[in-house]
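Following: one structure in structure tokens, then a few remarks.
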Number of protein chains: 2
Amino acid sequence: MEGRKGDVSTSREAAATARRKRPTILDIAERAGVSKSLVSLALRNDLGVGVQTRERILQVAEEIGYRPHVLARALRERRTMRLGVALTSLENPYHTEVFAAVEDAADGAGLSVLLAHGKRAGGHLEERINALLDLNLDGIVVISSWADPAMLQTVSRRAPVVMIGRSLEPVDGIDSVNNDDEAGAALVVGHLAARGHSKILHLTSSLRPAGLARRHGYEAAMRAHGLEAHIRVLARTRGGALQPDLDAALADGYDAVFARNDVEAADVLDHAWDHGLAVPTDLAVVGYDDSMLARRARPRLTSVHQPRQAMGARAVELLIERIDGRLEDRHEVLSPHLVVRESAPQA
Amino acid sequence: MEGRKGDVSTSREAAATARRKRPTILDIAERAGVSKSLVSLALRNDLGVGVQTRERILQVAEEIGYRPHVLARALRERRTMRLGVALTSLENPYHTEVFAAVEDAADGAGLSVLLAHGKRAGGHLEERINALLDLNLDGIVVISSWADPAMLQTVSRRAPVVMIGRSLEPVDGIDSVNNDDEAGAALVVGHLAARGHSKILHLTSSLRPAGLARRHGYEAAMRAHGLEAHIRVLARTRGGALQPDLDAALADGYDAVFARNDVEAADVLDHAWDHGLAVPTDLAVVGYDDSMLARRARPRLTSVHQPRQAMGARAVELLIERIDGRLEDRHEVLSPHLVVRESAPQA
DNA sequence: CTGTTAGCGCTTTCAC
DNA sequence: GTGAAAGCGCTAACAG
């Protein structure tokens, strides 16, 4: 906007040359000697376009490198064939693994997937979700226990929402799919009890729904086994460390730890390494999620496997059902299973 | 399309009730008793709208929960204020860390970021990039050494592209920012030599540009230190394991390993654990990237730090410059530094 | 089978 | 100050 008009238009032209204007169906129509609607129909394989004509049109489209303008199309169709995924913990491998599962499923359904990453604090996640939805996506899957129910409800007025993971109460108007956290926790306690452990600590840093459910599952299972429940709630600092130090938490002579997820189990493993504690001899450790962290850890981590492929697939199906008009809410719960590895091997 | 018209419209109505039609500027105009263009102007703070009127319009917009229709706007403006990021290895923490850096930078510039994840094989990445670009994003940053130069060039005709990471030759028409891999490798060799190591193995699984550059840097540095270079090229299986087994690679009595990246360094650490090798006493290990894996590993991994924050920020700046019309290519190289930890401590 | 036409929601001259 | 009108690229009636 500075300089003379001449300058501006010159530089515009230069830029335009560098980045050529994209061809439209009109260009195809012209080159193929048909009308623009014909092209539109041919492009979308509408029957009722002469085979010859269609052939020619497709060919021309190919030639001039035509790409449909999805924005224009979406403006008319009110459908983008795109799903959004909102995440808060890109740094937790389990979450990216779930994302990959959703992506696989969507791919299979001919939908493409966009990811938005929001920080947990403030309204950041909501902002990102809204920015995503501004693109008129057909639906959105939220992978985050940090999503506020009220916020999700607001969002769901714009597009169908399915949440992978747990919310305290089912949220009106949004579907969900998660694993049975209570059952998962019971699996862990059962396994540890069978190994002969009795001083089993449950370590958690989260008062979020999934964490709570695992904790309740742990308590119930301990009771069922006639064992006393021990719980330590730690906070996670900005830097990612657990506070107060694990030292204190582990000082009471526990012989096994069930951590709320793999990340925290890995923290325990690290702590054991740093303090010369032998795992599983001195301390058995079990995680939750069975993420890359569990496979990668040394000793390898026994962990509860969440059926992420199935969860991702189901999430996409639920979304599609919603898009097609389903009105009732659906909440699916899949069963986890325990993957036994070195950090708490079979008895 | 089936059933009588009445049925259809009834179910339509039901769905419409559940998911209300979004308000448009026309709704605002009506409610505020002005014309639609007035609203548009007011919404974008165009001076030349009565203060009173503007006030009222904004208020009404707020009231009815108006959200601009970015697709419609983009259709006119040819600008979406959105950037795309294309990735191939969501499972490599370094890549997600770079993504987060890009996101931070974009946030700062008022741009929002969408992520697309492509598999490395076939044309999958290209497909995903094109799907992303179909949304008329203003630019795209590619974080993948798997991106084919010719493909990138094609893509860059649609929107500005900047690549974070290395390509063999600078690609015409696209910008890049990366770290100096040769210098990074030299840092490693220098450090290991200073610790008194002489049988230093370089382990790599990649014949991609960044891997090659590190390898060349290693060779040159070894030569400079009067040491003999030893290189093992391993393949990675679908499952993620290195093939053939590390056993063979490490059988020749090396006292230090410089791995191509943290993922492979972690493989070496795991291997050492599995075989009772003490690190760093029996074997010193150094990685590259200084990702979460390095911080998390036990012993903690000495690794070359790529300045990802700076790289992400620079990438976004380069993109913005392009959007504003820059035509010459730019290739930036930032300096890495070594982060010394337990797997190869200070001499 | 083919072409014409009217928008989708928004921005932007250009008159009033 | 304000409003009317054209048009971004595409789809979907509807007439020929």
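Every chain is numbered from 1 and lettered A, B, ... according to where its sequence line falls, protein lines coming before strand lines. No hydrogens, no waters, no symmetry mates; every other heavy atom, side chains included, goes into these values. As the structure is a prediction and not an experimental result, all values here were calculated from the model.
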Handout entry: Lys/Arg-Asp/Glu bridge criterion (N-O < 4.0 Å) met for Arg128(A), Glu103(B)
Key = yes

Exercise for the section: In plain terms, say whether Arg158(A) and Asp134(A) are close enough for a salt bridge, that is, a side-chain N and a carboxylate O under 4.0 Å apart. Expected result: yes

Practice task
Output, in order, the C-alpha distance, side-chain angles, deciding distance and verdict of side-chain contact (heavy atoms from CB on, under 4.5 Å) for Val316(A) and Ile320(A).
Solution key: CA-CA 6 Å; Val316(A) 171; Ile320(A) 291 175; 3.9 Å; yes

Exercise for the section: Give, for atom CZ of Arg56(B) and atom CD of Glu63(B), the distance between the pair rounded to the nearest 0.5 Å. Expected result: 11.5 Å

Practice task
Ignoring hydrogens and angles, tell me if any N or O in the side chain of Arg67(B) forms a donor-acceptor pair with the backbone of Arg22(B) under 3.5 Å.
Solution key: no

Exercise for the section: Kindly say whether Thr24(A) contributes a backbone atom to a donor-acceptor pair with the side chain of Asp27(A) at under 3.5 angstrom? Expected result: yes

Problem - Trace of the side-chain contact (heavy atoms from CB on, under 4.5 Å) decision for Leu111(B) with Leu319(B) - result: CA-CA 11 Å; Leu111(B) 266 21; Leu319(B) 228 35; over 6 Å; no

Practice task
Look at all strands and tell whether Gly48(B) reaches a base, only sugar-phosphate, or nothing, counting heavy atoms closer than 4.0 Å.
Solution key: base

Exercise for the section: Using distance alone, with no hydrogens and no angle criterion, decide if Glu55(B) and Gln59(B) have a side-chain donor and acceptor under 3.5 Å apart. Expected result: no

Handout entry: Val142(B) vs Ile174(B) side-chain heavy atoms within contact, under 4.5 Å
Key = no

Exercise for the section: Scan residues 28-35 of chain B against DNA chain D and write down, sorted by residue number, each residue with any heavy atom closer than 4.0 Å; if none is found, say none. Expected result: Val34(B), Ser35(B)

Handout entry: Check against side-chain contact (heavy atoms from CB on, under 4.5 Å), Met151(A) and Ile129(A)
Key = CA-CA 10 Å; Met151(A) 182 271 271; Ile129(A) 291 182; 4.1 Å; yes

Problem - nucleotides 8-16 of chain D: protein proximity per nucleotide (B base, S sugar-phosphate only, - neither; heavy atom, under 4.0 Å) - result: BBBBB----

Problem - DNA chain C: 5'-most and 3'-most nucleotides touching chain A, 4.0 angstrom heavy-atom criterion - result: dC1(C) to dG9(C)

